[in-house]
2 protein chains.
Amino acid sequence: MPPRFKEPYCSAGCPVEAALGLIGGKWKGIALYHLMGGTLRFNEIRRRIPGVTQRMLTTQLRELEADGLIVRVVYPEVPPRVEYSLSAKGRTLEPVIMALKVWGETHARSPQPQASEAAA
Amino acid sequence: MPPRFKEPYCSAGCPVEAALGLIGGKWKGIALYHLMGGTLRFNEIRRRIPGVTQRMLTTQLRELEADGLIVRVVYPEVPPRVEYSLSAKGRTLEPVIMALKVWGETHARSPQPQASEAAA
DNA sequence: CATGACAGTATCCTTTTCGACACTATAGGC
DNA sequence: GCCTATAGTGTCGAAAAGGATACTGTCATG
């Protein structure tokens, strides 16, 4: 849980930090983004996010659930099946995530994911 | 500097994390927010953000500067005068910050600053 | 002369976050 | 019997972020 706002230390800019506190986890943005495409199982999300470990993904998803942004449904089957989807509150985040995404695509292409096509 | 995206580990959700990496510092959101109101001196920002230390504010502002989001102008005067303002790139963040702010105001009133009016 | 404002630095420390790895339990395929 | 897949948990350690405090140097004020 992000310990961002323990006290009402800030005046007007605070909601910004509050929102950031909820979606600021390292993998939360991507997870939410993928869930915007619809319900996904745990390993489906995991496969969509190369580099994340189970433990990390579990943690992040649980925090999102605790914050009421996603819904976690466990089917008492074997092998286990757990489905994640956005909650109503989570869906209200779509414009925010999209604003972040559009801005990132336009202005933050820092991680330029090519190191070999400089001259290609 | 936020070491968020060292490798191109993610596909489509990545710009979201990239954007988050730039504005995700603890005080960056508020600082940017206040700078949207116009140019401010160091201590003016500081006074607008109760709870931040010089060191933290310096760090965050320098990172924002390094990321090209704000402009820092030093006037070779005595006593020193340093003015901070949004860069052109920083101004493109306004809709993002505002989306965050609106969402936070609407959905993230978590820090409900009361703990004694439960039965009152 | 002492103090405060300005805009920081330097040093140290604590908290938080992130990540690697091993482990659970069951079922199905070979 | 062994391996894989499912969705995790537990433990440990490293790294990063955040924070407390003290210090710089000059000028104006009292």
Side-chain angles (χ1 to χ4, degrees), chain A residues 1-7 9-10 13-14 17 20-31 34-35 39-67 70-85, chain B residues 1-7 9-10 17 20-31 34-35 39-67 70-85:
Chain A
M1 59 201 75
R4 279 270 156 83
F5 31 85
K6 284 178 177 165
E7 302 132 37
Y9 57 77
C10 60
C14 205
E17 293 297 322
L20 245 20
L22 296 186
I23 64 178
K26 177 150 184 187
W27 310 98
K28 289 184 185 177
I30 321 181
H34 286 299
L35 285 174
T39 298
L40 290 174
R41 298 180 58 170
F42 183 83
N43 273 354
E44 287 176 329
I45 303 175
R46 192 148 100 88
R47 277 189 289 265
R48 277 166 175 72
I49 309 179
V52 74
T53 61
Q54 292 112 313
R55 194 186 163 294
M56 263 301 112
L57 187 55
T58 303
T59 307
Q60 303 277 293
L61 290 173
R62 289 291 163 79
E63 288 180 9
L64 290 172
E65 189 200 6
D67 290 329
I70 66 175
V71 177
R72 177 172 172 266
V73 181
V74 182
Y75 293 87
E77 302 174 359
V78 104
R81 182 159 62 102
V82 180
E83 288 186 349
Y84 292 90
S85 53
Chain B
M1 58 200 77
R4 278 273 156 83
F5 29 85
K6 284 177 177 164
E7 303 131 37
Y9 57 78
C10 60
E17 293 297 322
L20 245 20
L22 296 187
I23 65 177
K26 177 149 184 188
W27 310 97
K28 289 185 186 176
I30 321 181
H34 286 299
L35 284 175
T39 299
L40 290 173
R41 299 179 59 168
F42 183 82
N43 273 353
E44 287 177 329
I45 303 176
R46 192 149 100 88
R47 277 189 289 264
R48 276 167 175 72
I49 310 180
V52 74
T53 60
Q54 291 112 314
R55 191 191 163 288
M56 263 301 112
L57 187 55
T58 303
T59 308
Q60 303 277 293
L61 289 173
R62 288 292 163 78
E63 287 179 10
L64 289 172
E65 189 199 7
D67 290 330
I70 65 176
V71 177
R72 177 172 174 267
V73 181
V74 182
Y75 294 87
E77 302 174 358
V78 101
R81 183 159 61 104
V82 181
E83 288 186 348
Y84 292 90
S85 53

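Each chain gets a letter, A, B and so on, in the order its sequence line appears, and its residues count up from 1. Hydrogens, waters and symmetry mates play no part in the numbers below; they use all other heavy atoms, side chains included.
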5'-most by nearest nucleotide on DNA chain C - A/M56 or B/V82
B/V82

Between A/R72 and D/dG8, does any side-chain N or O lie under 4.0 Å from OP1 or OP2?
yes

Starting at CZ of B/F42 and ending at C1' of C/dT9, how long is that distance when rounded to a whole Å?
11 Å

Between D/dT6 atom C1' and A/L61 atom CG, what is the distance in whole Å?
15 Å

Rounded to whole Å, the CD-P distance (B/E77 to C/dA5) equals 19 Å

Using whole Å, what does the distance between atom P of nucleotide C/dT17 and atom CD of A/E63 come to?
7 Å

How many Å lie between CZ on B/R46 and P on D/dG19, as a whole number?
14 Å

Please report the distance, rounded to the nearest Å, between CD in A/Q54 and P in C/dA25.
17 Å

Between the base of C/dT11 and the side chain of B/R55, is there a donor-acceptor distance below 3.5 Å?
yes

Quick one: side-chain contact (heavy atoms from CB on, under 4.5 Å) partners of A/V82, sequence neighbours excluded?
A/R72, A/V74, A/Y84

Contacts of type side-chain contact (heavy atoms from CB on, under 4.5 Å), residue A/V71, not counting sequence neighbours:
A/V73, A/S85, A/S87

B/L40 CG to C/dC6 C1', straight-line distance once rounded to whole Å
15 Å

Below 4.0 Å: OP1/OP2 of C/dG8 and any side-chain N or O of B/R41
no

Nucleotide nearest A/P80 when distance is taken to its side chain, options C/dG8, C/dG19, D/dT6
D/dT6

B/W27 has a side chain; which of D/dG19, C/dT26, C/dA20 sits nearest to it?
D/dG19

Taking 4.0 Å as the cut-off, does a side-chain nitrogen or oxygen of A/R47 come that near to OP1 or OP2 on D/dT6?
yes

Could I get the full list of side-chain contact (heavy atoms from CB on, under 4.5 Å) partners for B/R81, not counting sequence neighbours?
B/R41, B/Y75, B/E77, B/E83

Using 0.5 Å steps for rounding, measure from the CD atom of A/E17 to the CG atom of A/L20.
5.5 Å

For B/L20 and C/dT17, give me the distance from atom CG to atom P, rounded to whole Å.
14 Å

With nearest nucleotides of DNA chain C determined for B/N43 and B/R62 from heavy-atom distances, which residue corresponds to the more 5′ nucleotide?
B/N43

Phosphate-side-chain proximity, B/Q60 and D/dG18, N/O vs OP1/OP2 below 4.0 Å
yes

Quick one: which protein N/O atoms are closer than 3.5 Å to N/O atoms of nucleotides 28-30 of chain D? Pair and distance per line, please.
none

For a quick test of reading the model: is some side-chain N or O of A/K26 closer than 4.0 Å to OP1 or OP2 of C/dG19?
yes

Would you mind classifying the nucleic acid contact of B/Y75 as base, sugar-phosphate or nothing, using non-hydrogen atoms under 4.0 angstrom?
nothing

